[in-house]
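Starting from 1, each residue takes its place in the sequence as its number. These numbers were taken from a predicted model, which means no experiment stands behind them.
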Amino acid sequence: MPEFRFGPPAWLPWLGPLLAAGVGAAVGEYGLGGGFWTVLIAALVGGFLPILGNALWKWRYQRKD
């Protein structure tokens, strides 16, 4: 029986700005004191997570072929 594998969805990297806004707003409102630099760093990390996840998914998908 062949193993079912699929690549990452094409919309995954586009979640970056939405996730960055959500993480920045959450950190600013609820956590870590909500200073400017704290919110900025959290938003940058949160914004790049979907891009990094997409790259890792593609790398792993291509490596198994």
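In this structure, CD1 in Ile51 is found 10.0 Å from CG in Leu19, a value given to the nearest 0.5 Å. To the nearest 0.5 angstrom, Trp11 atom CH2 is 10.0 Å from Asn54 atom CG.
Placement of Leu40 and Phe48 within a single hydrophobic cluster is found when ILVMFWY residues are connected by side-chain heavy-atom separations under 4.5 Å, directly or transitively. Linking Ile, Leu, Val, Met, Phe, Trp and Tyr residues whenever their side-chain heavy atoms come within less than 4.5 Å leaves Leu15 and Val45 in two separate clusters.
Considering every non-hydrogen atom in both Gly47 and Ala20, the closest pair reads CA-CB, 3.6 Å. Gly28 and Val39 make their closest contact through CA-CG2, 3.6 Å (heavy atoms, listed as atom of the first residue, atom of the second, distance). Contact between Ala42 and Val27 at its shortest, heavy atoms only, is CB-CG2, 3.7 Å.
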